[in-house]
Amino acid sequence: MIQGSKQDRNRINLSLTNGSYEIVIKSDGLNEAGKELINAGFKPGTKVLLVSNSEINKHYGDVCLNSLQSEGFKAEKIILEAGEQNKTPKQISLIHDAAYKYQLERSSLLIALGGGIVGDMTGFAAATWLRGIAVVQIPTTLLAMVDASIGGKTGVNHPGGKNLIGAFHQPSLVLIDPKTLETLPSRELRAGMAEVIKYGIIKDPILFKKLEEIPNLNNPSSIDKQDIKDILERSAKAKVEVVESDVKEAGVRAILNYGHTFGHAIETLCGYGTWLHGEAVAIGMVIAGELAVIKKSWKKEDASRQKELIKRAGLPIDLPDIESEKIWDILLSDKKVKDGKIRFILPVGIGKVRIRDDITKQEVMQCLAALR
Ligand code: GLY
């Protein structure tokens with residue numbers, strides 16, 4: 001359950017033993033990126049390399065660059081190729097090449113302006129340039145705002161799997177401008193909503209209820225702006241609480257992977273690009289819910305409430321036509337498997353989950369069969 005906070009609603013602090021940073025949620029925040037950097041402790045005159053992709057750059061690249069330059073930052077920009085297929089070491093080299101060209105120093109800064117892919121790659125380039133320079137995350141997709149930009153996971157894909165190359169590297173600031181969602185395609189907004197529903201299930205029953213009460217959840221651009229801000233704030237707080245208690249995912253942080261174990265399997269087997277990440281997570285949550293019912297850890301009514309909410313959000317709930325054996329094989333090859341045991345995150349209530357490694361193949365097969 002999210003704790004009541006005395007902090008400014010729009011400034012959430014993430015505190016770790018070796019430092020802290022703010023998640024700032026502010027309409028028109030992009031116009032104030034330069035001021036927010038100064039507020040976060042960066043000095044005018046600092047060299048900044050802004051990293052984005054062509055679509056985001058078209059809408060917001062110059063707004064952000066102008067805001068930085070008008071506060072006296074020496075800002076340059078590099079544009080990457082968009083898409084999961086381009087989340088590669090090659091693009092990290094391009095960021096490093098630009099860092100070399102602009103002679104970025106230890107005191108310099110990389111800024112990620114974009115979705116989770118830009119954020120993960122920029123964070124990884126920052127973690128590795130000169131053994132680590134600062135990074136600021138300015139997420140422009142719902143998914144990146146509520147999940148990827150917070151908590152310091154960075155990386156790129158390897159042909160063997162997603163995010164196999166990476167580092168933990170916390171940002172110095174996360175600046176969320178909800179106005180940037182106005183140019184996000186509806187399908188991507190809906191996909192981001194899957195991660196918001198995830199927070200409702202794993203930690204925040206009030207958020208879950210709020211989502212149930214929002215009309216036209218499947219048309220996110222029609223959602224009231226204050227509701228969007230509340231959703232962003234509650235999701236960010238949920239993520240912050242989990243990261244603060246287990247920054248390197250030694251234990252409880254794994255609950256953020258709720259829906260992702262099966263979701264990754266679906267993404268891999270259907271081919272990246274068939275389902276957006278959030279859509280695959282939505283189906284993954286339905287499967288995990290069913291498994292929890294089979295394990296008698298979750299009430300059938302709660303699993304139905306979850307399914308109904310996912311459906312109302314315009315997200316898929318049906319298992320794609322993939323052989324169950326293939327799903328099982330992918331689950332076994334996941335990087336989070338430990339000593340041959342697959343870890344599943346299963347709900348025990350709305351707002352509470354448990355990490356379990358006692359699920360048998362037979363139970364997974366029974367669950368998948370029940371959903372066909
Ligand atoms: N996206 C999951 C995590 O940050 O741990």
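Just so it is clear, the values below take in all heavy atoms, side chains as well, and ignore hydrogens, waters and symmetry mates. All residue numbers in this chain count up from 1 along the given sequence. What you see is a predicted model, and the numbers here were worked out from it, not measured in a lab. Each ligand, and each atom within it, is numbered from 1 in the order the structure gives.
Within ligand 1, the atoms closer than 4.0 Å to a non-hydrogen atom of D147 are 1 (N), 2 (C), 4 (O), numbered from 1 in the order shown. Of all the atoms in ligand 1, the ones that sit under 4.0 Å from a non-hydrogen atom of K153 are 2 (C), 3 (C), 4 (O), 5 (O).
Ring to ring, F208 and Y199 are not that close: their centroids are 6.0 angstrom or more apart.
Heavy atoms only, all atoms of each residue included: E290 and A370 are closest at OE2-CB, 3.6 Å. For E363 against L291, the heavy-atom pair with the smallest separation is O-CD1, 3.7 Å.
Here the options are T180, T183, T140, the test is side-chain hydrogen bond (donor to acceptor under 3.5 Å, both in side chains), and the partner is Y60; only T183 passes.
Here the heavy atom of the protein found nearest to atom 4 (O) of ligand 1 is K239 NZ, 2.5 Å. Closest to atom 5 (O) of ligand 1, if we only count protein heavy atoms, is R253 NE, 2.8 Å.
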